[in-house]
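Worksheet: one structure, shown below.
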There are 2 protein chains.
Amino acid sequence: MSRMDIQTRLTEFGIAVTSQRLEVAGILLDKPQHLAADQILAMLRKKGSRVSKATVYNTLHLFAEKGLVRALHVDPSRTFYDSTIHPHHHFYHVDIGELSDIPDEQIRIMNLPPLPPGTELENVDVLIKIRDRKI
Amino acid sequence: MSRMDIQTRLTEFGIAVTSQRLEVAGILLDKPQHLAADQILAMLRKKGSRVSKATVYNTLHLFAEKGLVRALHVDPSRTFYDSTIHPHHHFYHVDIGELSDIPDEQIRIMNLPPLPPGTELENVDVLIKIRDRKI
DNA sequence: AGATCCTTTAGATTGAGTCCAATTGCCCAG
DNA sequence: CTGGGCAATTGGACTCAATCTAAAGGATCT
């Protein structure tokens with residue numbers, strides 16, 4: 001995705017454009033992937049960027065809140081950010097701690113239960129945990 | 001659940017019985033609930049127990065591994081352990097950070113995708129995120 | 001230029017969870 | 001009973017993702 005495309009994208013999601021936000025988005029939105037904040041920070045540093053840790057965290061929170069990316073809480077030790085936002089679900093390979101996408105169309109959920117009164121749906125996550133087949 | 005019942009339960013799940021494990025199980029298996037390690041530790045301490053932090057963590061890991069309880073990674077900041085193990089799913093109220101059970105029978109998932117080669121299913125988690133209805 | 005507001009920053013701090021080396025407890029053989 | 005062996009427990013140090021804070025920077029408007 002070009003720098004210009006990313007700018008447009010940020011604006012579409014109601015996010016004010018700054019050079020730091022462009023840098024973070026440039027890394028994460030590059031392709032469909034799942035990255036943690038510290039991985040993004042490391043990648044930025046490797047490229048010579050001077051963005052601070054606090055800004056990376058602030059930026060990712062903002063992106064997630066505005067719906068530009070999706071936060072995933074699968075690995076208990078850290079939050080991953082998913083650059084793919086059209087609805088889909090995940091495989092989590094517990095032996096190697098790896099996350100992969102499942103196209104949404106394949107899964108259909110029947111009989112969604114009634115929500116508790118006074119609440120509305122935010123979203124539905126399906127996480128299919130898999131492991132290496134034993135013998 | 002009586003002390004004796006808990007002993008039987010541990011043994012059924014292939015867990016060697018110790019006094020510390022009985023104490024932890026006594027708290028968590030008392031009723032259907034979701035507790036974090038530090039909550040369990042605090043409850044034990046309040047009862048006058050001297051179980052160490054390391055033991056609480058070791059014990060919960062062991063319980064989860066043996067299938068006596070289920071670990072849930074929903075709140076990014078800590079792991080909750082669910083005393084209910086028959087299959088079921090969860091509501092997560094994002095505004096107040098509260099977790100509640102959904103009886104399994106209500107939800108049916110169609111068209112489970114094929115698993116990646118060499119892997120087998122561990123389990124399927126459905127997490128329905130809800131929030132306070134806005135006006 | 002000054003004022004206001006938002007963003008970024010370095011560095012300190014938090015806190016769940018892990019690690020480690022030492023101790024305790026348990027069980028069985030002799 | 002005794003002691004060897006092994007598993008379980010322990011306190012305390014440690015890790016590290018994430019948060020907090022207070023100050024500095026940057027843009028925009030009048």
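Within every chain, numbering begins at 1; the chains are lettered A, B, ... in the order of the sequence lines, protein sequences first and strands thereafter. Quick caveat, the model's predicted, so the values are computed rather than measured.
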* Asked: OP1, OP2 of C/dG17 versus side-chain N and O of B/His61: anything below 4.0 Å?
  -> no
Using whole Å, what does the distance between atom [atom2] of nucleotide [N] and atom [atom1] of [X] come to?
X	N	atom1	atom2	value
B/Ile40	C/dA16	CD1	C1'	14 Å
A/Ile15	C/dC6	CD1	P	16 Å
B/Arg45	D/dG11	CZ	P	7 Å
B/Leu44	D/dT9	CG	P	13 Å

For [X], which residues count as a side-chain contact (heavy atoms from CB on, under 4.5 Å) partner, sequence neighbours excluded?
X	value
B/Gln20	B/Thr18, B/Val51, B/Thr55
B/His73	A/Pro76, B/Ala71, B/Thr79
A/Asp30	A/Gln33
B/Tyr57	B/Ala37, B/Lys53

Under 3.5 Å donor-acceptor pairs involving side-chain atoms of residues 109-116 of chain B, not counting sequence neighbours:
none

Does anything in [range] reach DNA chain C, meaning a heavy atom under 4.0 Å, and if so which residues?
range	value
residues 19-37 of chain A	A/Gln20, A/Arg21
residues 70-80 of chain B	B/Ser77, B/Arg78, B/Thr79
residues 51-60 of chain B	B/Lys53, B/Ala54, B/Tyr57

* Asked: What pairs with A/Ser49 under side-chain hydrogen bond (donor to acceptor under 3.5 Å, both in side chains), at least two apart in sequence or on another chain?
  -> A/Glu23
* Can you spot which of A/Asn123, A/Thr119, A/Leu121 makes a side-chain contact (heavy atoms from CB on, under 4.5 Å) with B/Lys129? => A/Asn123
* Does the side chain of A/Ile15 come within less than 4.5 Å of A/Phe63's, by heavy atoms? -> yes
* Hey, could you give me each pair passing salt bridge (charged side-chain N to carboxylate O under 4.0 Å, His left out) that has a residue in residues 64-83 of chain B? Not counting sequence neighbours. => B/Asp38-B/Arg78, B/Arg70-B/Asp125
* To do: Mind listing the closest non-hydrogen atom pair of A/His89 and A/Val126 along with its distance?
  => ND1-N, 3.1 Å
* Per-nucleotide protein contact string for nucleotides 23-30 of chain D (B base, S sugar-phosphate only, - none; heavy atom under 4.0 Å) -> --------
Donor-acceptor contacts under 3.5 Å from residues 4-12 of chain B side chains, at least two apart:
{"residue": "B/Asp5", "atom": "OD2", "partner": "B/Ser2", "partner atom": "OG", "Å": "3.4"}
{"residue": "B/Thr8", "atom": "OG1", "partner": "B/Met4", "partner atom": "O", "Å": "2.9"}
{"residue": "B/Thr11", "atom": "OG1", "partner": "B/Gln7", "partner atom": "O", "Å": "2.9"}

* To do: Mark yes or no for whether A/His86, through its side chain, and A/Thr84, through its backbone, hold a donor-acceptor pair below 3.5 Å.
  => no
* **Any donor-acceptor pair under 3.5 Å from A/Thr59 side chain to A/Arg21 backbone** => no
